[in-house]
Undergrad: 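Below is one structure. I have some questions about it.
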There are 2 protein chains.
Amino acid sequence: MTGTGLRKGAQPFTPAVEDYAKTLYRLEQQRDAPVATGAIATRLEVSAPSASNMVRNLAQLGLVTVARGRGARLTPAGRELARAVIRRHRIIECFLMDALHLPWDSVHGEADLLEHAVSTRVAEAMWDALGRPVRDPHGDPITPSGDDDPDTDILEPLDACEPDAIGVLVRVSDAQPEALRYMAERGIAPGLPIRVISREPFGVGQRVLIGDTEHIIGPELGRLIFIERTA
Amino acid sequence: MTGTGLRKGAQPFTPAVEDYAKTLYRLEQQRDAPVATGAIATRLEVSAPSASNMVRNLAQLGLVTVARGRGARLTPAGRELARAVIRRHRIIECFLMDALHLPWDSVHGEADLLEHAVSTRVAEAMWDALGRPVRDPHGDPITPSGDDDPDTDILEPLDACEPDAIGVLVRVSDAQPEALRYMAERGIAPGLPIRVISREPFGVGQRVLIGDTEHIIGPELGRLIFIERTA
DNA sequence: ATGCGTTTTTAGCGCACACTAACGACAAGT
DNA sequence: ACTTGTCGTTAGTGTGCGCTAAAAACGCAT
(Lines give C-alpha, C1' and ligand atoms only; values in the text may rest on other atoms or scores of the structure.)
Protein backbone atom coordinates (compact mmCIF):
# COMPACT_ATOMS: atom_id res chain seq x y z
CA MET A 1 0.00 0.00 0.00
CA THR A 2 0.97 3.60 -0.36
CA GLY A 3 3.14 5.17 2.28
CA THR A 4 2.06 7.78 4.66
CA GLY A 5 3.92 10.83 3.59
CA LEU A 6 4.72 13.67 5.90
CA ARG A 7 2.08 13.65 8.57
CA LYS A 8 3.79 15.27 11.47
CA GLY A 9 1.13 17.20 13.28
CA ALA A 10 -1.53 14.58 12.79
CA GLN A 11 -3.60 12.48 15.17
CA PRO A 12 -1.85 10.36 17.76
CA PHE A 13 -2.92 7.18 15.99
CA THR A 14 -2.45 6.22 12.38
CA PRO A 15 -5.43 6.15 10.05
CA ALA A 16 -5.23 2.39 9.90
CA VAL A 17 -5.39 2.04 13.65
CA GLU A 18 -8.35 4.38 13.79
CA ASP A 19 -10.12 2.38 11.13
CA TYR A 20 -9.59 -0.86 12.97
CA ALA A 21 -10.81 0.64 16.22
CA LYS A 22 -13.91 1.94 14.49
CA THR A 23 -14.62 -1.42 12.93
CA LEU A 24 -14.06 -3.26 16.18
CA TYR A 25 -16.50 -0.93 17.85
CA ARG A 26 -19.12 -1.48 15.19
CA LEU A 27 -18.85 -5.23 15.28
CA GLU A 28 -18.69 -5.40 19.04
CA GLN A 29 -21.87 -3.47 19.34
CA GLN A 30 -23.66 -5.61 16.76
CA ARG A 31 -23.49 -8.66 18.94
CA ASP A 32 -21.98 -8.09 22.32
CA ALA A 33 -19.15 -10.60 22.16
CA PRO A 34 -15.46 -10.77 21.28
CA VAL A 35 -14.93 -9.94 17.63
CA ALA A 36 -13.42 -12.54 15.33
CA THR A 37 -10.48 -11.32 13.31
CA GLY A 38 -12.10 -12.72 10.19
CA ALA A 39 -15.07 -10.44 10.65
CA ILE A 40 -12.73 -7.48 10.84
CA ALA A 41 -10.92 -8.58 7.72
CA THR A 42 -14.17 -8.89 5.81
CA ARG A 43 -15.47 -5.57 7.00
CA LEU A 44 -12.30 -3.69 6.16
CA GLU A 45 -11.73 -5.63 2.95
CA VAL A 46 -8.25 -6.74 3.90
CA SER A 47 -6.77 -10.21 4.04
CA ALA A 48 -7.15 -12.28 7.17
CA PRO A 49 -3.45 -12.08 8.05
CA SER A 50 -3.50 -8.31 7.76
CA ALA A 51 -6.31 -8.11 10.23
CA SER A 52 -4.62 -10.61 12.48
CA ASN A 53 -1.44 -8.57 12.55
CA MET A 54 -3.18 -5.29 13.12
CA VAL A 55 -5.20 -6.69 15.98
CA ARG A 56 -1.98 -7.69 17.63
CA ASN A 57 -0.73 -4.19 16.97
CA LEU A 58 -3.80 -2.64 18.58
CA ALA A 59 -3.33 -4.92 21.56
CA GLN A 60 0.20 -3.62 21.94
CA LEU A 61 -1.14 -0.07 21.84
CA GLY A 62 -3.50 -0.95 24.67
CA LEU A 63 -6.58 -0.45 22.55
CA VAL A 64 -7.70 -4.03 22.54
CA THR A 65 -7.49 -7.15 24.65
CA VAL A 66 -7.22 -10.42 22.83
CA ALA A 67 -9.37 -12.98 24.56
CA ARG A 68 -7.34 -16.18 24.67
CA GLY A 69 -8.54 -18.38 21.91
CA ARG A 70 -10.89 -16.38 19.70
CA GLY A 71 -11.60 -12.77 19.23
CA ALA A 72 -10.73 -9.30 20.47
CA ARG A 73 -12.46 -6.73 22.65
CA LEU A 74 -11.85 -3.01 22.84
CA THR A 75 -10.38 -1.66 26.04
CA PRO A 76 -11.85 1.56 27.44
CA ALA A 77 -9.10 3.45 25.64
CA GLY A 78 -9.94 1.68 22.40
CA ARG A 79 -13.60 2.40 22.82
CA GLU A 80 -12.85 6.05 23.42
CA LEU A 81 -10.76 6.24 20.28
CA ALA A 82 -13.45 4.53 18.24
CA ARG A 83 -16.10 6.86 19.51
CA ALA A 84 -13.97 9.88 18.80
CA VAL A 85 -13.43 8.74 15.22
CA ILE A 86 -17.10 7.97 14.74
CA ARG A 87 -18.06 11.31 16.17
CA ARG A 88 -15.72 13.08 13.75
CA HIS A 89 -17.09 11.00 10.90
CA ARG A 90 -20.67 11.96 11.64
CA ILE A 91 -19.92 15.61 12.13
CA ILE A 92 -18.13 15.62 8.80
CA GLU A 93 -21.08 13.93 7.13
CA CYS A 94 -23.40 16.57 8.48
CA PHE A 95 -21.07 19.20 7.34
CA LEU A 96 -20.68 17.92 3.82
CA MET A 97 -24.43 17.76 3.40
CA ASP A 98 -25.69 20.80 5.21
CA ALA A 99 -22.88 23.26 4.62
CA LEU A 100 -21.49 22.07 1.31
CA HIS A 101 -24.60 20.49 -0.17
CA LEU A 102 -22.89 17.37 -1.40
CA PRO A 103 -25.23 14.60 -2.54
CA TRP A 104 -26.41 12.25 0.15
CA ASP A 105 -24.83 9.14 -1.25
CA SER A 106 -21.33 10.56 -1.63
CA VAL A 107 -21.10 12.02 1.81
CA HIS A 108 -20.18 8.82 3.59
CA GLY A 109 -17.20 8.03 1.39
CA GLU A 110 -15.77 11.52 1.61
CA ALA A 111 -16.17 11.46 5.36
CA ASP A 112 -14.25 8.20 5.53
CA LEU A 113 -11.33 9.94 3.88
CA LEU A 114 -11.57 13.06 5.98
CA GLU A 115 -12.16 11.60 9.41
CA HIS A 116 -8.47 10.85 9.84
CA ALA A 117 -7.25 14.26 8.77
CA VAL A 118 -9.72 16.49 10.57
CA SER A 119 -8.45 17.42 14.01
CA THR A 120 -10.77 17.39 16.96
CA ARG A 121 -10.58 21.13 17.01
CA VAL A 122 -11.79 21.45 13.46
CA ALA A 123 -14.49 18.85 13.93
CA GLU A 124 -15.85 20.64 16.97
CA ALA A 125 -15.76 23.93 15.10
CA MET A 126 -17.81 22.31 12.35
CA TRP A 127 -20.24 21.01 14.89
CA ASP A 128 -20.65 24.47 16.37
CA ALA A 129 -21.03 26.05 12.96
CA LEU A 130 -23.86 23.63 12.22
CA GLY A 131 -25.65 24.44 15.46
CA ARG A 132 -24.60 21.27 17.27
CA PRO A 133 -26.92 18.87 15.50
CA VAL A 134 -27.93 15.67 17.23
CA ARG A 135 -28.04 13.34 14.25
CA ASP A 136 -26.11 13.07 11.01
CA PRO A 137 -27.78 12.92 7.60
CA HIS A 138 -28.35 9.18 7.86
CA GLY A 139 -29.89 9.54 11.29
CA ASP A 140 -26.91 8.29 13.22
CA PRO A 141 -26.63 10.02 16.56
CA ILE A 142 -23.87 12.50 17.27
CA THR A 143 -23.35 11.81 20.92
CA PRO A 144 -22.15 14.56 23.25
CA SER A 145 -18.56 13.48 23.38
CA GLY A 146 -17.77 9.96 24.49
CA ASP A 147 -21.07 8.29 25.22
CA ASP A 148 -22.39 5.17 23.67
CA ASP A 149 -24.87 5.43 20.89
CA PRO A 150 -27.92 5.75 23.07
CA ASP A 151 -30.63 4.40 20.89
CA THR A 152 -29.31 1.75 18.60
CA ASP A 153 -31.16 -0.76 20.73
CA ILE A 154 -34.43 1.14 20.67
CA LEU A 155 -34.56 1.30 16.91
CA GLU A 156 -36.06 -1.53 14.92
CA PRO A 157 -35.11 -2.50 11.42
CA LEU A 158 -38.03 -1.95 9.11
CA ASP A 159 -37.57 -5.47 7.91
CA ALA A 160 -38.64 -6.80 11.28
CA CYS A 161 -41.81 -4.74 11.63
CA GLU A 162 -45.20 -6.34 11.21
CA PRO A 163 -47.99 -4.68 9.25
CA ASP A 164 -49.67 -1.65 10.85
CA ALA A 165 -46.50 -0.76 12.73
CA ILE A 166 -46.23 3.02 12.94
CA GLY A 167 -43.25 5.17 13.74
CA VAL A 168 -40.68 7.60 12.49
CA LEU A 169 -37.94 6.74 10.05
CA VAL A 170 -34.91 7.63 12.13
CA ARG A 171 -31.90 6.01 10.60
CA VAL A 172 -30.69 4.67 7.30
CA SER A 173 -27.53 2.61 7.24
CA ASP A 174 -24.86 4.40 5.29
CA ALA A 175 -23.07 1.21 4.34
CA GLN A 176 -24.28 1.01 0.74
CA PRO A 177 -24.08 4.12 -1.41
CA GLU A 178 -26.27 2.67 -4.14
CA ALA A 179 -29.00 2.00 -1.62
CA LEU A 180 -28.74 5.61 -0.51
CA ARG A 181 -28.95 6.83 -4.05
CA TYR A 182 -31.99 4.67 -4.65
CA MET A 183 -33.70 6.00 -1.58
CA ALA A 184 -32.72 9.59 -2.24
CA GLU A 185 -34.33 9.36 -5.67
CA ARG A 186 -37.59 8.28 -4.05
CA GLY A 187 -37.51 10.80 -1.27
CA ILE A 188 -36.87 8.30 1.49
CA ALA A 189 -34.94 10.03 4.27
CA PRO A 190 -34.70 10.17 8.05
CA GLY A 191 -37.31 12.22 9.84
CA LEU A 192 -40.34 11.06 7.89
CA PRO A 193 -43.28 9.30 9.48
CA ILE A 194 -43.63 5.72 8.38
CA ARG A 195 -46.33 3.06 8.44
CA VAL A 196 -46.14 -0.55 7.36
CA ILE A 197 -49.13 -1.38 5.22
CA SER A 198 -48.60 -5.05 4.53
CA ARG A 199 -46.02 -7.69 3.89
CA GLU A 200 -46.02 -9.16 0.41
CA PRO A 201 -45.44 -12.88 0.05
CA PHE A 202 -42.59 -14.72 -1.62
CA GLY A 203 -39.91 -12.45 -0.23
CA VAL A 204 -40.99 -9.41 -2.21
CA GLY A 205 -40.95 -7.27 0.89
CA GLN A 206 -43.23 -4.75 2.52
CA ARG A 207 -45.62 -2.14 1.31
CA VAL A 208 -44.87 0.91 3.36
CA LEU A 209 -46.09 4.47 3.60
CA ILE A 210 -43.19 6.87 4.04
CA GLY A 211 -44.20 10.49 4.33
CA ASP A 212 -47.19 10.41 2.04
CA THR A 213 -45.83 8.11 -0.63
CA GLU A 214 -46.24 4.39 -0.83
CA HIS A 215 -43.16 2.26 -1.45
CA ILE A 216 -42.34 -1.38 -1.86
CA ILE A 217 -39.36 -2.10 0.32
CA GLY A 218 -37.51 -5.32 -0.42
CA PRO A 219 -35.93 -7.23 2.41
CA GLU A 220 -32.41 -6.03 1.58
CA LEU A 221 -33.44 -2.42 1.90
CA GLY A 222 -35.65 -3.20 4.86
CA ARG A 223 -32.62 -4.25 6.81
CA LEU A 224 -30.95 -0.87 6.23
CA ILE A 225 -33.87 1.25 7.41
CA PHE A 226 -34.50 1.76 11.11
CA ILE A 227 -37.57 3.20 12.71
CA GLU A 228 -38.57 4.35 16.15
CA ARG A 229 -41.88 2.69 16.88
CA THR A 230 -44.83 4.62 18.13
CA ALA A 231 -47.16 1.67 17.67
CA MET B 1 7.37 7.56 9.75
CA THR B 2 3.95 6.18 10.32
CA GLY B 3 2.36 4.06 7.65
CA THR B 4 -0.45 5.16 5.49
CA GLY B 5 -3.31 3.06 6.58
CA LEU B 6 -6.26 2.31 4.37
CA ARG B 7 -6.50 5.12 1.88
CA LYS B 8 -8.26 3.53 -1.01
CA GLY B 9 -10.42 6.22 -2.50
CA ALA B 10 -7.87 8.95 -2.02
CA GLN B 11 -6.02 11.25 -4.40
CA PRO B 12 -4.00 9.75 -7.21
CA PHE B 13 -0.74 10.82 -5.58
CA THR B 14 0.47 10.19 -2.07
CA PRO B 15 0.56 13.03 0.43
CA ALA B 16 4.33 12.98 0.35
CA VAL B 17 4.43 13.36 -3.41
CA GLU B 18 1.98 16.23 -3.20
CA ASP B 19 4.08 17.92 -0.57
CA TYR B 20 7.22 17.64 -2.63
CA ALA B 21 5.47 18.99 -5.70
CA LYS B 22 4.18 21.92 -3.70
CA THR B 23 7.60 22.68 -2.32
CA LEU B 24 9.25 22.37 -5.70
CA TYR B 25 6.73 24.82 -7.05
CA ARG B 26 7.36 27.29 -4.28
CA LEU B 27 11.11 27.17 -4.62
CA GLU B 28 11.05 27.23 -8.38
CA GLN B 29 9.00 30.36 -8.36
CA GLN B 30 11.22 32.07 -5.82
CA ARG B 31 14.13 32.16 -8.20
CA ASP B 32 13.41 30.84 -11.62
CA ALA B 33 15.99 28.08 -11.80
CA PRO B 34 16.34 24.37 -11.14
CA VAL B 35 15.77 23.58 -7.49
CA ALA B 36 18.56 22.02 -5.45
CA THR B 37 17.60 18.93 -3.54
CA GLY B 38 19.13 20.40 -0.44
CA ALA B 39 16.72 23.31 -0.56
CA ILE B 40 13.84 20.89 -0.72
CA ALA B 41 15.21 18.92 2.20
CA THR B 42 15.53 22.06 4.29
CA ARG B 43 12.09 23.32 3.40
CA LEU B 44 10.39 20.03 4.17
CA GLU B 45 12.56 19.35 7.19
CA VAL B 46 13.69 15.97 5.96
CA SER B 47 17.19 14.64 5.49
CA ALA B 48 19.04 15.29 2.26
CA PRO B 49 18.92 11.64 1.19
CA SER B 50 15.19 11.51 1.70
CA ALA B 51 14.72 14.49 -0.56
CA SER B 52 17.11 13.04 -3.08
CA ASN B 53 15.19 9.78 -3.21
CA MET B 54 11.85 11.41 -3.47
CA VAL B 55 12.99 13.66 -6.28
CA ARG B 56 13.98 10.58 -8.19
CA ASN B 57 10.58 9.16 -7.39
CA LEU B 58 8.85 12.26 -8.69
CA ALA B 59 10.94 12.06 -11.83
CA GLN B 60 9.75 8.52 -12.36
CA LEU B 61 6.17 9.70 -11.97
CA GLY B 62 6.78 12.27 -14.68
CA LEU B 63 6.29 15.19 -12.36
CA VAL B 64 9.84 16.44 -12.48
CA THR B 65 12.83 16.47 -14.78
CA VAL B 66 16.20 16.23 -13.18
CA ALA B 67 18.58 18.56 -14.93
CA ARG B 68 21.85 16.70 -15.21
CA GLY B 69 24.14 17.88 -12.53
CA ARG B 70 22.17 20.08 -10.16
CA GLY B 71 18.56 20.51 -9.44
CA ALA B 72 15.08 19.55 -10.54
CA ARG B 73 12.33 21.30 -12.45
CA LEU B 74 8.66 20.55 -12.45
CA THR B 75 7.16 19.24 -15.65
CA PRO B 76 3.82 20.66 -16.76
CA ALA B 77 2.14 17.73 -15.03
CA GLY B 78 4.06 18.44 -11.85
CA ARG B 79 3.19 22.09 -11.99
CA GLU B 80 -0.43 21.23 -12.41
CA LEU B 81 -0.36 18.94 -9.42
CA ALA B 82 1.37 21.56 -7.30
CA ARG B 83 -1.12 24.21 -8.26
CA ALA B 84 -4.02 21.91 -7.50
CA VAL B 85 -2.63 21.20 -4.04
CA ILE B 86 -1.95 24.86 -3.38
CA ARG B 87 -5.41 25.77 -4.53
CA ARG B 88 -6.94 23.22 -2.17
CA HIS B 89 -4.74 24.49 0.63
CA ARG B 90 -5.87 28.06 0.20
CA ILE B 91 -9.52 27.21 -0.12
CA ILE B 92 -9.25 25.21 3.07
CA GLU B 93 -7.56 28.12 4.83
CA CYS B 94 -10.36 30.41 3.80
CA PHE B 95 -12.83 27.92 4.94
CA LEU B 96 -11.32 27.37 8.34
CA MET B 97 -11.26 31.08 8.99
CA ASP B 98 -14.45 32.33 7.46
CA ALA B 99 -16.76 29.40 8.02
CA LEU B 100 -15.32 27.84 11.15
CA HIS B 101 -13.76 30.92 12.73
CA LEU B 102 -10.52 29.27 13.65
CA PRO B 103 -7.77 31.63 14.76
CA TRP B 104 -5.61 33.07 12.03
CA ASP B 105 -2.38 31.52 13.14
CA SER B 106 -3.65 27.95 13.38
CA VAL B 107 -5.31 27.89 10.01
CA HIS B 108 -2.20 27.20 7.99
CA GLY B 109 -1.17 24.13 9.94
CA GLU B 110 -4.61 22.58 9.84
CA ALA B 111 -4.81 23.21 6.12
CA ASP B 112 -1.51 21.43 5.63
CA LEU B 113 -3.03 18.35 7.18
CA LEU B 114 -6.29 18.59 5.30
CA GLU B 115 -5.07 19.45 1.84
CA HIS B 116 -4.22 15.83 1.13
CA ALA B 117 -7.51 14.41 2.33
CA VAL B 118 -9.93 16.89 0.83
CA SER B 119 -11.03 15.81 -2.62
CA THR B 120 -11.27 18.31 -5.41
CA ARG B 121 -14.99 17.97 -5.26
CA VAL B 122 -15.15 18.94 -1.62
CA ALA B 123 -12.67 21.76 -2.08
CA GLU B 124 -14.70 23.25 -4.90
CA ALA B 125 -17.86 22.90 -2.84
CA MET B 126 -16.13 24.84 -0.08
CA TRP B 127 -15.10 27.48 -2.53
CA ASP B 128 -18.65 27.85 -3.77
CA ALA B 129 -20.01 27.95 -0.24
CA LEU B 130 -17.65 30.83 0.52
CA GLY B 131 -18.73 32.79 -2.53
CA ARG B 132 -15.65 31.97 -4.61
CA PRO B 133 -13.21 34.28 -2.84
CA VAL B 134 -10.15 35.51 -4.67
CA ARG B 135 -7.64 35.51 -1.84
CA ASP B 136 -7.10 33.41 1.25
CA PRO B 137 -6.81 34.90 4.74
CA HIS B 138 -3.11 35.61 4.29
CA GLY B 139 -3.72 37.35 1.02
CA ASP B 140 -2.50 34.55 -1.19
CA PRO B 141 -4.43 34.41 -4.43
CA ILE B 142 -6.84 31.59 -5.16
CA THR B 143 -6.37 31.31 -8.89
CA PRO B 144 -9.23 30.16 -11.12
CA SER B 145 -8.05 26.63 -11.59
CA GLY B 146 -4.60 26.06 -12.93
CA ASP B 147 -3.06 29.46 -13.51
CA ASP B 148 0.10 30.78 -12.07
CA ASP B 149 -0.04 33.06 -9.11
CA PRO B 150 -0.57 36.23 -11.06
CA ASP B 151 0.82 38.85 -8.81
CA THR B 152 3.64 37.50 -6.73
CA ASP B 153 5.98 39.54 -8.86
CA ILE B 154 4.00 42.76 -8.49
CA LEU B 155 4.07 42.64 -4.73
CA GLU B 156 6.93 44.14 -2.81
CA PRO B 157 8.14 43.03 0.58
CA LEU B 158 7.59 45.79 3.09
CA ASP B 159 11.20 45.40 4.09
CA ALA B 160 12.30 46.73 0.73
CA CYS B 161 10.10 49.81 0.68
CA GLU B 162 11.61 53.23 1.23
CA PRO B 163 9.94 55.85 3.46
CA ASP B 164 6.77 57.47 2.13
CA ALA B 165 5.90 54.42 0.11
CA ILE B 166 2.13 53.99 0.06
CA GLY B 167 0.06 50.98 -0.82
CA VAL B 168 -2.20 48.24 0.38
CA LEU B 169 -1.11 45.40 2.58
CA VAL B 170 -2.01 42.46 0.37
CA ARG B 171 -0.20 39.42 1.62
CA VAL B 172 1.36 38.07 4.76
CA SER B 173 3.53 35.02 4.52
CA ASP B 174 1.98 32.16 6.37
CA ALA B 175 5.27 30.44 7.02
CA GLN B 176 5.63 31.43 10.67
CA PRO B 177 2.65 30.98 12.96
CA GLU B 178 4.17 33.06 15.76
CA ALA B 179 4.59 35.96 13.40
CA LEU B 180 0.94 35.63 12.45
CA ARG B 181 -0.08 35.57 16.08
CA TYR B 182 1.98 38.66 16.76
CA MET B 183 0.42 40.52 13.88
CA ALA B 184 -3.10 39.34 14.66
CA GLU B 185 -2.72 40.74 18.17
CA ARG B 186 -1.87 44.12 16.72
CA GLY B 187 -4.53 44.13 14.07
CA ILE B 188 -2.16 43.76 11.14
CA ALA B 189 -3.96 41.93 8.34
CA PRO B 190 -4.30 41.92 4.57
CA GLY B 191 -6.53 44.52 3.03
CA LEU B 192 -5.39 47.48 5.12
CA PRO B 193 -3.83 50.61 3.63
CA ILE B 194 -0.20 51.01 4.57
CA ARG B 195 2.34 53.82 4.55
CA VAL B 196 6.01 53.72 5.43
CA ILE B 197 6.84 56.61 7.72
CA SER B 198 10.56 56.19 8.20
CA ARG B 199 13.33 53.68 8.55
CA GLU B 200 14.99 53.53 11.94
CA PRO B 201 18.72 53.06 12.05
CA PHE B 202 20.75 50.18 13.45
CA GLY B 203 18.52 47.50 12.00
CA VAL B 204 15.56 48.34 14.20
CA GLY B 205 13.26 48.42 11.22
CA GLN B 206 10.58 50.67 9.84
CA ARG B 207 7.93 52.89 11.35
CA VAL B 208 4.81 52.14 9.42
CA LEU B 209 1.20 53.24 9.43
CA ILE B 210 -1.11 50.27 8.92
CA GLY B 211 -4.77 51.14 8.90
CA ASP B 212 -4.69 54.00 11.37
CA THR B 213 -2.20 52.56 13.81
CA GLU B 214 1.51 53.10 13.85
CA HIS B 215 3.78 50.08 14.16
CA ILE B 216 7.47 49.39 14.34
CA ILE B 217 8.20 46.57 11.94
CA GLY B 218 11.52 44.82 12.40
CA PRO B 219 13.32 43.49 9.37
CA GLU B 220 12.31 39.87 10.02
CA LEU B 221 8.67 40.78 9.97
CA GLY B 222 9.19 43.21 7.11
CA ARG B 223 10.24 40.33 4.91
CA LEU B 224 6.96 38.50 5.55
CA ILE B 225 4.67 41.39 4.67
CA PHE B 226 3.92 42.22 1.05
CA ILE B 227 2.28 45.32 -0.27
CA GLU B 228 0.92 46.48 -3.56
CA ARG B 229 2.40 49.89 -4.16
CA THR B 230 0.31 52.84 -5.13
CA ALA B 231 3.19 55.27 -4.67
C1' DA C 1 46.31 20.61 -10.69
C1' DT C 2 45.46 19.52 -5.84
C1' DG C 3 43.20 19.60 -1.88
C1' DC C 4 39.04 21.24 1.02
C1' DG C 5 34.45 22.08 2.08
C1' DT C 6 29.92 21.70 0.53
C1' DT C 7 26.43 19.19 -1.65
C1' DT C 8 24.48 15.06 -3.41
C1' DT C 9 24.02 10.37 -3.96
C1' DT C 10 24.62 5.42 -2.69
C1' DA C 11 24.09 1.79 0.65
C1' DG C 12 21.76 -0.20 4.08
C1' DC C 13 18.26 0.03 7.57
C1' DG C 14 13.54 0.63 10.22
C1' DC C 15 8.68 1.01 10.41
C1' DA C 16 3.69 0.76 9.05
C1' DC C 17 0.78 -1.86 6.46
C1' DA C 18 -0.65 -4.57 2.92
C1' DC C 19 -0.20 -9.35 0.44
C1' DT C 20 0.32 -14.66 -0.66
C1' DA C 21 1.44 -19.27 0.69
C1' DA C 22 1.71 -22.56 3.95
C1' DC C 23 0.78 -24.37 8.53
C1' DG C 24 -1.99 -25.46 12.78
C1' DA C 25 -6.46 -26.04 15.63
C1' DC C 26 -10.97 -27.15 16.11
C1' DA C 27 -16.08 -28.68 14.90
C1' DA C 28 -18.59 -31.61 12.33
C1' DG C 29 -19.48 -35.59 9.39
C1' DT C 30 -18.29 -40.33 8.09
C1' DA D 1 -10.79 -42.20 15.14
C1' DC D 2 -9.95 -40.03 10.67
C1' DT D 3 -10.97 -36.83 7.24
C1' DT D 4 -12.56 -32.37 5.92
C1' DG D 5 -13.66 -27.65 5.89
C1' DT D 6 -13.37 -23.39 8.39
C1' DC D 7 -10.96 -20.47 11.05
C1' DG D 8 -6.51 -18.20 12.61
C1' DT D 9 -1.83 -17.59 12.62
C1' DT D 10 3.14 -17.75 11.10
C1' DA D 11 6.51 -16.88 7.61
C1' DG D 12 8.19 -14.32 4.17
C1' DT D 13 7.60 -10.19 0.56
C1' DG D 14 6.70 -5.76 -1.30
C1' DT D 15 6.04 -0.72 -1.22
C1' DG D 16 6.15 4.01 0.59
C1' DC D 17 8.94 6.92 3.01
C1' DG D 18 11.71 8.18 6.52
C1' DC D 19 16.78 7.73 8.67
C1' DT D 20 22.20 7.46 9.35
C1' DA D 21 26.86 6.61 7.66
C1' DA D 22 29.86 6.67 4.11
C1' DA D 23 31.23 7.55 -0.59
C1' DA D 24 31.30 10.43 -4.71
C1' DA D 25 30.97 14.77 -7.21
C1' DC D 26 31.32 19.52 -7.52
C1' DG D 27 33.31 24.21 -7.00
C1' DC D 28 36.61 27.05 -5.22
C1' DA D 29 40.99 28.65 -3.60
C1' DT D 30 45.57 28.00 -3.43
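Order of the sequence lines fixes the chain letters, A, B, ..., with proteins taken first and strands second; residue numbering starts at 1 for each chain.
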Undergrad: Look at the side chain of T37(A) and decide which nucleotide, out of dT9(D), dG18(D), dC17(C), has an atom nearest to it.
TA: dT9(D)

Undergrad: Taking it one step at a time, do M183(A) and L180(A) satisfy side chain to side chain contact (heavy atoms under 4.5 Å, CB included)?
TA: CA-CA 5 Å; M183(A) 290 189 274; L180(A) 287 179; 4.2 Å; yes

Undergrad: Nearest whole angstrom, please: distance from the C1' of dC17(D) to the CG of L58(B).
TA: 12 Å

Undergrad: Taking only the side-chain heavy atoms of A16(A) (C-beta and beyond), determine which of dT9(C), dC17(C), dC17(D) contains the nearest atom.
TA: dC17(C)

Undergrad: Evaluate F13(B) against H116(B) for side chain to side chain contact (heavy atoms under 4.5 Å, CB included), listing each step before the verdict.
TA: CA-CA 9 Å; F13(B) 294 102; H116(B) 307 297; over 6 Å; no

Undergrad: If you check every side-chain atom of P49(A), which of dA11(C), dA21(C), dC17(D) has the closest atom?
TA: dA21(C)

Undergrad: Considering only dG18(D), dA16(C), dT10(C), which nucleotide approaches the side chain of Y20(B) most closely?
TA: dG18(D)

Undergrad: Go through dA18(C), dT8(C), dG18(D) for me and flag the one nearest to the V46(B) side chain.
TA: dG18(D)

Undergrad: Using a strict cut-off of less than 4.0 Å between a Lys/Arg side-chain nitrogen and an Asp/Glu carboxylate oxygen, indicate whether E162(B) and R199(B) qualify as a salt bridge.
TA: no

Undergrad: To the nearest Å, how far apart are Q60(A) CD and dC15(C) P?
TA: 11 Å

Undergrad: Measure the distance from CG on N57(A) to C1' on dT9(D) and round it to the nearest whole Å.
TA: 16 Å

Undergrad: Select one nucleotide: of dT9(C), dT9(D), dC19(C), the one nearest the side-chain heavy atoms of S50(A).
TA: dC19(C)

Undergrad: If you look at every strand shown and take non-hydrogen atoms under 4.0 Å, does A36(B) touch a base, only sugar-phosphate, or nothing?
TA: sugar-phosphate

Undergrad: Taking the minimum atom-to-atom distance to the side chain of S47(A), which one of dC19(C), dT10(D), dT9(C) wins?
TA: dC19(C)

Undergrad: Apply side chain to side chain contact (heavy atoms under 4.5 Å, CB included) to the pair R135(B) and I142(B), showing each step before the final yes or no.
TA: CA-CA 5 Å; R135(B) 314 196 86 99; I142(B) 299 174; 5.8 Å; no

Undergrad: Calculate the interatomic distance between N53(A) atom CG and dG14(D) atom P; express it in whole Å.
TA: 17 Å

Undergrad: Could you state the CZ-P distance from R56(B) to dG16(D), rounded to the nearest angstrom?
TA: 13 Å

Undergrad: What is the distance, to the nearest angstrom, from the CZ atom on F13(B) to the C1' atom on dC17(D)?
TA: 17 Å

Undergrad: Could you work out which one of dG18(D), dA18(C), dC17(D) sits closest to the side chain of M54(A)?
TA: dA18(C)

Undergrad: Rounded to the nearest angstrom, tell me the gap between atom NE2 in H116(B) and atom P in dC17(D).
TA: 11 Å

Undergrad: Is any NZ, NE, NH1 or NH2 atom of the basic residue among K22(B) and D112(B) found under 4.0 Å from an Asp or Glu carboxylate oxygen of the other?
TA: yes

Undergrad: I40(A) has an atom CD1; how far is it from atom C1' of dT9(D), in whole Å?
TA: 14 Å

